[in-house]
K.L.:
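Here you go, one structure.
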Amino acid sequence: MQIDIEPYIEGVQAGNRLLLARTITLIESTLPAHQQAARSIVDRLLPKTGNSVRLGITGVPGAGKSTFIESFGTMLTSMGHKVAVLAIDPSSTRSGGSILGDKTRMEKLSVDPNAFIRPSPSSGNLGGVARKTREVMLACEAAGFDVIIIETVGVGQSETTVASMVDFFMVLMIAGAGDELQGIKKGVLEVADTIVINKADGDNVLRAESAQKEYQAALHLLMPQSPHWNPPVLTCSSLKSTGLDNIWQTILDHRNKLTACGELAEKRRSQTLDWMSFLVNEGLRDWFYSLDQVKNTLPLLRKRVEAEQISPTAAAAELLSILEQEKN
Ligand SMILES: Nc1nc2c(ncn2[C@@H]2O[C@H](COP(=O)(O)OP(=O)(O)OP(=O)(O)O)[C@@H](O)[C@H]2O)c(=O)[nH]1
């Protein structure tokens with residue numbers, strides 16, 4: 001059955017939350033008819049997208065991401081912004097696989113009329129979830145949300161995926177968890193536009209300040225991503241809502257600087273091109289593995305590689321030679 005996409009497009013553009021939610025359901029659906037409708041909707045919405053501040057936030061469990069987003073998001077809506085919070089977390093088993101599934105994590109924000117919280121799809125690989133999150137971000141922009149926060153747990157590959165779809169990427173840390181960088185990989189610090197030491201309150205203020213110095217020194221050792229931006233290390237308390245305005249000012253400062261030199265526009269351009277390549281690669285891979293001959297040959301080849309009867313190189317070449325046959 002053909003889906004009439006006009007009501008979705010009109011509804012999203014009018015900022016209708018119900019139709020935005022339904023559009024997102026289409027985007028996340030695995031049914032081909034839904035996917036096709038979602039593609040057409042997102043295409044038509046494109047001229048209305050791009051007008052938001054796109055923020056990525058990561059941090060190890062316990063860093064206080066939910067508390068931070070709740071306080072920070074509430075501050076932004078009270079300033080008149082419309083805030084959408086999305087998540088990338090294909091691996092989580094919490095709340096049936098969704099890090100935002102438990103709405104009580106953001107009590108105030110989840111009932112705020114100027115906020116929209118959307119959990120990540122409960123299953124799928126990182127690529128699939130990330131692709132959907134990107135499209136959901138565009139739909140939210142078209143619906144008038146001017147700050148989009150994409151949250152991810154600071155483990156695995158998801159941080160770099162988030163960094164590749166936002167304007168500003170923030171790593172949330174806490175002081176006093178040892179000198180080591182709390183399991184956050186160097187690659188993540190390399191893509192950070194700021195590090196925020198959370199829980200700088202009560203007895204913890206001095207420790208937070210010394211962690212700030214420590215991380216600032218660590219960042220100095222890394223090559224900045226942009227000649228126009230030296231990632232600062234900031235402190236805040238999400239619980240007491242202190243330091244949050246300074247973080248927002250830093251984000252705006254970054255935005256102004258990168259806009260003035262054209263770097264922001266360039267960053268977004270290359271992100272869309274990367275996205276296209278990513279989709280092509282993903283499509284190729286899916287197509288390849290769906291070929292009958294690949295399905296038949298692969299298990300046997302894997303066994304032979306395991307038993308050291310054939311080298312991995314020869315096995316890969318044999319598998320890829322199926323492409324040659326497909327061509328003819
Ligand atoms: N003292 C203090 N505690 C905080 C602050 N922010 C968060 N916490 C506490 O830290 C704990 C973890 O906070 P969550 O917001 O659940 O953090 P998280 O584990 O990173 O969040 P998720 O992984 O997203 O669930 C909770 O007990 C919070 O109350 C803060 O600024 N100060």
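Whatever order the structure lists them in is the order used to number ligands and atoms, beginning at 1.
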K.L.:
Purely on distance, is any nitrogen or oxygen of Gly64 under 3.5 Å from one on ligand 1?
P.N.:
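Gly64 vs ligand 1: N/O contact under 3.5 Å present.
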K.L.:
Does Glu266 pair with Arg269 as a salt bridge, N-O distance under 4.0 Å?
P.N.:
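So Glu266 pairs with Arg269 through a salt bridge.
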K.L.:
Can you tell me which residue among Leu45, Asn51, Ile148 is in a side-chain contact (heavy atoms from CB on, under 4.5 Å) with Glu141?
P.N.:
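Passing option: Ile148.
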K.L.:
Would you mind checking if Glu28 and Arg118 are paired as a salt bridge, meaning a charged N to carboxylate O distance below 4.0 Å?
P.N.:
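A salt bridge links Arg118 with Glu28.
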K.L.:
Check this for me - ligand 1, Ala200, N or O atoms closer than 3.5 angstrom, yes or no?
P.N.:
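No; the residue has no nitrogen or oxygen that sits under 3.5 Å from a nitrogen or oxygen of the ligand.
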K.L.:
Counting heavy atoms only, which part of Asp201 comes closer than 4.0 Å to ligand 1: side chain, backbone, both or neither?
P.N.:
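Asp201 to ligand 1: side-chain contact only, backbone stays beyond 4.0 Å.
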K.L.:
Where does Asn204 meet ligand 1, judged by heavy-atom distances below 4.0 Å: at the side chain, the backbone, both, or neither?
P.N.:
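Neither part.
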K.L.:
Between ligand 1 and Gly62, is the shortest N or O to N or O distance under 3.5 Å?
P.N.:
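Yes - when backbone and side-chain N and O of Gly62 are compared with those of ligand 1, one distance drops under 3.5 Å.
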K.L.:
Between Lys240, Lys199, Glu151, flag the one that comes closest to atom 8 (N) of ligand 1 by a heavy atom.
P.N.:
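When every heavy atom of Lys240, Lys199, Glu151 is considered, Lys199 comes closest to atom 8 (N) of ligand 1.
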K.L.:
Can Asp167 and Lys267 be counted as an ion pair, charged N to O under 4.0 angstrom?
P.N.:
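A salt bridge is absent here (no side-chain N lies under 4.0 Å from a carboxylate O).
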K.L.:
Check ligand 1 against Ser238 and write out every atom of the ligand that is under 4.0 Å from a heavy-atom position of the residue.
P.N.:
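Listed by number with element: 6 (N), 30 (C), 31 (O).
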K.L.:
If you measure only the distance, is there a donor-acceptor pair under 3.5 Å linking the side chains of Ser52 and Asp146?
P.N.:
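No pair is found: no donor N or O on one side chain lies under 3.5 Å from an acceptor on the other.
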K.L.:
Any salt bridge between Arg39 and Asp43, counting N to O under 4.0 Å?
P.N.:
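Salt bridge: no.
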K.L.:
Just going by heavy-atom distances, which of Gly59, Ala208, Ser66 is nearest to atom 16 (O) of ligand 1?
P.N.:
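Looking at heavy atoms only, the winner is Ser66.
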